[in-house]
Amino acid sequence: MLPRNGGTPLLPEGSRDASYHLQIEFQPKASAEAGVMNSQSGYSKCFDDDGRLKRTGYSLDGVSHIITAVIGSGVLSLAWAIGQLGWVAGPAVMVLFAFVIFYTSNLLSQCYRSVDPATGKRNYTYMDAVKANLGGKKFSICGAIQYINLFGVAIGYTIAASISMMAIKRSNCFHKSGGKDPCHMSSNEYMIAFGITEVVFSQNPDFDQVWWLSIVAAVMSFTYSTVGLSLGIAKVAENKGFKGSLMGISIGKVTGTQKMWRSLQALGAIAFAYSYSFILIEIQDTLKSPPAEHKTMKKATLMSISVTTVFYLLCGCMGYAAFGDDAPGNLLTGFGFYNPYRLLDIANVAIVVYLIGAYQVYCQPLSAFVEKWSVKKWPRSEFIGKEFEVPIPWYGCYKLNLFRLVWRTIFVAVTTVKAMLMPFFNVVVGIMGAFGFWPLTVYFPIEMYIAQKKIEKWTARWVGLQILSFTCVID
C-alpha cells in the first residue's frame, strides 16, 4: 500500500513475510562483517545499525505514507457520521480524534526501538513492538484483535465495492431508460464478482513486490474523495444554503434508542477513517537516522494528521451541508443518478480499483500468519509446503502452492458470504472502527510506552495516561 525505500510497497504487520512464508527459516541473516561494522560505528554508508541496507526516508516520505494509508474508503462515511452528531459535536469529535491519534502515535513511535528510542534494538512491525515491550498474553490478545479487525475490513471493502459497482450500473440504466426504469438490482452478484477478482489476486505470493500499488491507491483515493468534495460544494451552492442542525438527526425522525446507536456508529466511523496505527511502526522503519526516527516520525505525524483532518472536515462538513439529516452512508450514492453522472461513474470506478488493491494489502498479514503457522505445524506436508511451477503466457513461471490456493480462496469466499449477510457499509465501518480503535490506537501504545519508560503506578504521568485510555474506551 505504501512504497518503501526503493519502491517496495509498505504493508501491514506480517505481510512482508507473506511471499516468503515457505522459506522463512532459510532467509539469509545480516552478514557478520556488517554486524561488526555497525557495532563499532553505529552506522555506515551502506548499512544501518541492524545490518540492513541503509534507510533513506525523510519526514516528507513519512507524510506521504501516512496520508496514503489514512485517506481510504472511510472518508465516504464522514458526512453520515457528522449527520448523526450535528454541527457542534461532529467537527469537534473529528478534531478530538486527530489530537488523540497524534498523541498516541507519538508514544508508539518511541517504541520503535526497545529500551532506548534512539539507540535501542529496532522493532520492524507493530506486533514486534508489542512482543518486545509487553510480551505474553497481551501479545496474543493484540494479534487476535488485529486479525479480527482485518477480517472485518475485508467484509467492509467487499460491501463498499459492490455499492460502487451497483451505482455505476444503475446510473447507466437510469439514463438509458430516460428515468422510466427504476433499475432495481441485488448487490449479491457484484459481491460475488468482487470476490472472484480477489481470489485471483490473492494467489500472487509476491503481492508485496507490486511497487505501483501505492501510486494507484493514492491516485484513486484522492480521485473519489475530491469528486465527493466537489459535488458536495456544488450541491450546497444549488441549495443556496447549508442543511443540517446543531444536534444532528432529531428524535422524531428516529427513536431515542436509534439516535444513541447511530451516534455510537458515527464515533466508530470517524475512528475507522483515522486508523493507521497498526502500520505506523513499518512506516517508521523506512526513515533514515540520525536524527532519531521517533523525532522524524513526530514531524511526519503532525503534518499528515493536520492535512488529513482538514480534508476530512471539508468532505464531511460539505457532505452534511449538502444533504443534512439525509446524508447517506456512502457520500457518492447521495448524488443520485443525475448529471454529472459520468463524473460519479469515474469516482465509483476509482473506489472499486482502490478497494481491489486495498483488500489484498490489508489481508496479507492474516494470510501470512495462517500460512507460516501451518508450515511450522506440519513442516513435512507437501500439500502445505510444496510449490509447482506453472508456465503462464506473457507472465512467466507462476509458483502454485495448493495450500495457498485452497486457504485464500476459502477466506475470500467466507468474507464474501458475510458481506452478503450484512450489506450495510456504514454499519460495518462503525463496528470495525469501534472494535479496533481503542486497543490498537490507544491502549497498546500507552501500555508499551509505560513499560518502555518504566513509569511507576500511581505517579501523575501514569494516572494521566490511564485517564486518557479509559476516556477513549468509554467513548
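Here the options are H294, R122, Q284, the test is side-chain hydrogen bond (donor to acceptor under 3.5 Å, both in side chains), and the partner is Y112; only R122 passes. Tested against E198, the residues I356, T409, T416 include a single side chain to side chain contact (heavy atoms under 4.5 Å, CB included) partner, I356. For the ring pair (Phe, Tyr, Trp, His ring centres under 6.0 Å) criterion with W438, the lone passing option out of Y443, F470, F97 is Y443.
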Point to revise | side chain to side chain contact (heavy atoms under 4.5 Å, CB included) assessment of I192 paired with M420 | key: CA-CA 9 Å; I192 293 172; M420 292 178 183; 3.1 Å; yes

Review point. Would N348 and M165 satisfy side chain to side chain contact (heavy atoms under 4.5 Å, CB included), going step by step from the backbone distance to the final call?
Key: CA-CA 7 Å; N348 281 304; M165 287 189 280; over 6 Å; no

**Study point:** side chain to side chain contact (heavy atoms under 4.5 Å, CB included) between V370 and W407, intermediate numbers included
**Key:** CA-CA 9 Å; V370 172; W407 144 243; 3.5 Å; yes

Practice item. Take I281 and D128 through the test side chain to side chain contact (heavy atoms under 4.5 Å, CB included) and record every step on the way to the result. Key: CA-CA 9 Å; I281 295 293; D128 285 346; over 6 Å; no

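Using a 4.5 Å heavy-atom threshold, the side chains of M94 and L78 count as touching. With a 4.5 Å cut-off on side-chain heavy atoms, W87 and S245 do not count as touching. Counting heavy atoms from C-beta on, the side chains of N123 and C111 never come closer than 4.5 Å. No side-chain heavy atom of T223 sits less than 4.5 Å from a side-chain heavy atom of V349. Here the side chains of I163 and Y190 are not in contact, with every heavy-atom distance at 4.5 Å or above. Contact annotation: the side chain of V412 never approaches that of T158 to less than 4.5 Å [non-hydrogen atoms, C-beta and beyond]. You'll find the side chain of S230 stays beyond 4.5 Å of the side chain of I233, heavy atoms only. At a threshold of 4.5 Å between non-hydrogen side-chain atoms, the residues K298 and Q110 do not count as touching.
Taking each heavy atom of A322 and G232 in turn, the nearest pair found is CB-O, 3.8 Å. Contact record, S469 with V442: CA-CG1, 3.8 Å, taken as the closest heavy-atom pair. Between S105 and T301, the shortest heavy-atom distance links the atoms CB-CG2, 3.9 Å. For the pair V352 and A161, the tightest heavy-atom approach, listed with the atom from each and the gap, is CG2-O, 3.9 Å. Between C142 and F444, the closest heavy-atom pair is CB-CZ, 3.5 Å. When all heavy atoms are compared, the tightest approach of I82 to P91 is CG2-CD, 4.4 Å.
For T255 (side chain) and I251 (main-chain N/O), no donor-acceptor pair under 3.5 Å exists by modelled atom type. For S306 (side chain) and L302 (main-chain N/O), a donor-acceptor pair under 3.5 Å exists by modelled atom type. In this structure, S109 contributes its side chain and N106 its backbone to a donor-acceptor pair below 3.5 Å. Side chain of S202 to main chain of V199: a donor-acceptor pair is present (N/O by atom type, distance under 3.5 Å, no hydrogens or angles). Judged purely by atom type and a 3.5 angstrom limit, N239 uses its side chain to pair as donor or acceptor with the backbone of K235.
One distance of note links CG of L108 with OH of Y103; it measures 13.0 Å at 0.5 Å rounding. Rounded to the nearest 0.5 Å, atoms CZ (F411) and CZ (R404) are 15.5 Å apart. In this structure, CD1 on I155 lies 6.5 Å from NZ on K418, to the nearest 0.5 angstrom. Note that CD1 of I159 and OG of S164 are 12.0 Å apart. Values are rounded to the nearest 0.5 Å. Residue I351 holds its CD1 atom at 12.5 Å from CD1 of I346, rounded to the nearest 0.5 Å. Going from atom CG of L313 over to atom CG of L229 covers 11.5 Å, rounded to the nearest 0.5 Å.
Here W80 and Y320 keep their ring centres 6.0 angstrom or further from each other. Checked against a 6.0 Å centroid threshold, the rings of Y359 and F201 do not count as neighbours. Annotation: F194 is not in aromatic contact with Y157 [ring centroid separation under 6.0 Å not met].
For K240, the salt bridge (Lys or Arg N to Asp or Glu O under 4.0 Å) test picks out no residue, with sequence neighbours left out.
We find that K138 and E447 are joined by a salt bridge, their nearest charged nitrogen and carboxylate oxygen being less than 4.0 Å apart.
More than 12 heavy atoms of other residues, nucleotides or ligands sit less than 6.0 Å from atom NZ of K259. No more than 12 heavy atoms of other residues, nucleotides or ligands sit less than 6.0 Å from atom NZ of K295. Counting non-hydrogen atoms of other residues, nucleotides and ligands closer than 6.0 Å to CE of M303 gives a total above 12.
With hydrogens and angles left out, the side-chain atoms of Y274 and T309 include a donor and acceptor closer than 3.5 Å.
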